[in-house]
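Notes for the one structure printed next.
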Amino acid sequence: MRNERRKVLKWVAASGAAWLLAGCKQGPRPPVPGKPTVYLTTDDGPLRGSEYIDAAVREYEVPMTAFVVGKHAQSLAFRARLEAYRNNPHIRLGNHSYTHANGHYLDYYRHPQRVLRDFEHNQRALGLSEKIGRLPGRDSWRFGSRAYDADPTARAAANLLARNGYRLYGWDLEWTHTQSGAPIGTAEQIHQKIIHQLAKGHCFTPGHLVLLMHDQMFRSRAAVAQLHSLLSLLKEDRTIRLRYIDDYPLTVRPTTLKKGTAPRLIKAPVTGIGESTPVDPLKFGR
């Protein structure tokens with residue numbers, strides 16, 4: 001009987017140690033319930049290209065958040081594209097400012113009160129009910145108790161917007177484009193990179209990846225075909241789930257940067273797309 005008890009105690013100790021070691025290996029990252037989640041977002045609409053995004057989202061029935069610019073909706077043609085977004089049951093609208101800084105970002109962010117007025121104007125002009133926003137040209141996050149600014153020039157404006165009830169979302173991965181607007185990289189490469197970043201934990205919230213695209217990317221037949229391919233790949237991928245940006249978890253244990261720690265680099269994945277942008281440990285989980 002004593003020997004049996006000793007065996008049980010040894011098993012419990014071994015199991016506890018194994019569990020503890022596994023926990024240490026995971027580090028401070030909180031557990032992510034369910035499948036990893038991808039949030040599809042587009043910026044700058046309504047523009048030429050918005051109609052093809054609208055059609056693709058309707059076809060594949062995937063959730064997407066479109067961050068829209070009020071100034072772009074002033075023409076009748078672009079207003080029609082905005083209304084198509086409104087009437088799409090799979091698209092939700094977010095605030096991307098009224099002017100998009102008129103292309104002068106440094107001056108725009110020097111005046112936080114002007115930024116707030118710009119966002120409030122966009123809320124009214126477009127009739128947006130939720131204060132869900134993304135800053136023009138800046139990867140900044142504000143929601144719950146969490147905050148991050150890739151560029152400190154936007155910090156004061158982001159703080160002011162947050163104090164006025166806005167939840168601001170940046171991005172974890174951008175499908176970049178050429179100066180003419182053509183997408184860089186194929187749908188297969190972007191899909192693989194999404195999976196790579198989720199696996200590596202290169203997300204503001206582990207297990208949750210926000211993908212940024214731009215409406216003006218999808219104007220040519222080839223670009224639209226790549227968009228369709230990406231939506232198909234993501235919808236058929238049973239290892240992930242797709243959600244709207246307002247389903248993004250608001251609370252998570254924050255990541256802290258130890259003194260003397262330098263930003264890491266994401267190693268180039270096996271997608272053919274190199275990545276040389278430094279990864280800021282204040283944003284991404286370790």
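In this text, all values refer to a predicted model and were calculated from it rather than measured experimentally. One-based numbering along the sequence shown.
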Separation of I132 CD1 from D246 CG (nearest 0.5 Å): 4.0 Å

Can you tell me how far apart NE2 (H214) and OG (S50) are? Round to the nearest 0.5 Å. 12.0 Å

Consider only side-chain heavy atoms of I, L, V, M, F, W and Y, link residues closer than 4.5 Å, and tell whether Y85 and Y98 are in one cluster. no

Considering only heavy atoms from C-beta outward, does the side chain of H208 approach that of C203 to under 4.5 Å? no

Among the clusters formed by ILVMFWY side chains lying less than 4.5 Å apart, do L128 and L116 turn up in the same one? no

Stepwise, does the side chain to side chain contact (heavy atoms under 4.5 Å, CB included) test hold for R167 with L250? CA-CA 10 Å; R167 297 203 306 269; L250 295 183; 3.9 Å; yes

Transitive ILVMFWY side-chain link L82 to I53, under 4.5 Å: yes

Do H191 and L230 make a side-chain contact, defined as non-hydrogen atoms from C-beta onward lying under 4.5 Å apart? yes

Has the side chain of K131 got a donor or acceptor atom that lies under 3.5 Å from a matching backbone atom of N164? yes

Who pairs with K71 by salt bridge (charged side-chain N to carboxylate O under 4.0 Å, His left out), at least two apart in sequence or on another chain? none

Connected via hydrophobic side-chain network under 4.5 Å: L126 and Y166: no

Among all residues two or more places apart in sequence or in another chain, which pass the salt bridge (charged side-chain N to carboxylate O under 4.0 Å, His left out) test with R86? E83

Check G181 against H177 and note the closest heavy-atom contact, atom names and distance. O-CB, 3.6 Å

Indicate the ring-plane relationship of Y148 and F204, choosing parallel, tilted or perpendicular according to the 30° and 60° boundaries. tilted

What one should report as the nearest heavy-atom pair of M64 and M213 is CE-CE, 3.7 Å

So, do L47 and V69 sit near enough that their side-chain heavy atoms are less than 4.5 Å apart? no

Any side-chain heavy atom of K35 sitting closer than 4.5 Å to one from I240? no

Validation row: L173, H202 side chains within 4.5 angstrom (heavy atoms): no

When you compare the side chain of Y109 with that of L135, does any pair of heavy atoms fall below 4.5 Å? yes

If you round to the nearest 0.5 Å, how far is CG of L231 from CD of E236? 11.0 Å

Reported NE2-to-CG distance for the pair H111 and D118, which is rounded to 0.5 angstrom: 12.5 Å

With the 4.5 Å side-chain cut-off for hydrophobic clustering, are Y244 and Y60 part of the same group? no

Are the side chain of N122 and the backbone N or O of V68 linked by a donor-acceptor pair below 3.5 Å? yes

When you measure from the side chain of Q123 to the backbone N and O of F119, does any donor-acceptor pair fall under 3.5 Å? no

Begin from the C-alpha positions of D54 and R58 and carry the test salt bridge (Lys or Arg N to Asp or Glu O under 4.0 Å) through to its verdict. CA-CA 6 Å; D54 173 63; R58 287 177 187 272; 3.2 Å; yes

Is there a donor-acceptor contact under 3.5 Å from the side chain of N95 to the main chain of S97? yes

Return yes if some donor-acceptor pair links the side-chain N/O of H100 with the main-chain N/O of D44 below 3.5 Å, else return no. no

Does any donor atom in the side chain of T65 or R92 lie under 3.5 Å from an acceptor atom in the other side chain? no

Nearest heavy-atom contact between L198 and G207 is CD2-C, 3.8 Å

Side chain of R142, backbone of L168: donor and acceptor closer than 3.5 Å? no

With rounding to the nearest 0.5 angstrom, report the CG to CD1 distance, L40 to I194. 7.0 Å

W175 side chain to L212 backbone, donor-acceptor under 3.5 Å: no

Could you go through the side chain to side chain contact (heavy atoms under 4.5 Å, CB included) check for T153 and R138 one step at a time? CA-CA 9 Å; T153 60; R138 294 293 184 269; 3.3 Å; yes

Side chain R219, main chain Q216, donor-acceptor under 3.5 Å: yes

Please step through side chain to side chain contact (heavy atoms under 4.5 Å, CB included) for the pair T205 and R146, ending with a clear verdict. CA-CA 10 Å; T205 299; R146 306 185 67 198; 2.5 Å; yes

Ignoring hydrogens and angles, tell me if any N or O in the side chain of Q226 forms a donor-acceptor pair with the backbone of T186 under 3.5 Å. no

Locate the shortest heavy-atom distance separating R110 from P112; write the atom from each residue and the value. O-CD, 3.4 Å

Should the ring pair Y39 and Y248 be called parallel, tilted or perpendicular, given that the plane angle runs from 0 to 90° and is split at 30 and 60? tilted

Out of curiosity, D139 CG to D151 CG, how far, rounded to the nearest 0.5 Å? 9.5 Å

On a heavy-atom basis, which atom in T41 and which in R134 lie closest, and how many Å separate them? OG1-NH1, 3.0 Å

Using modelled atom types only, decide if a donor and an acceptor are shared between the side chain of Q197 and the backbone of D172 within a distance under 3.5 Å. yes

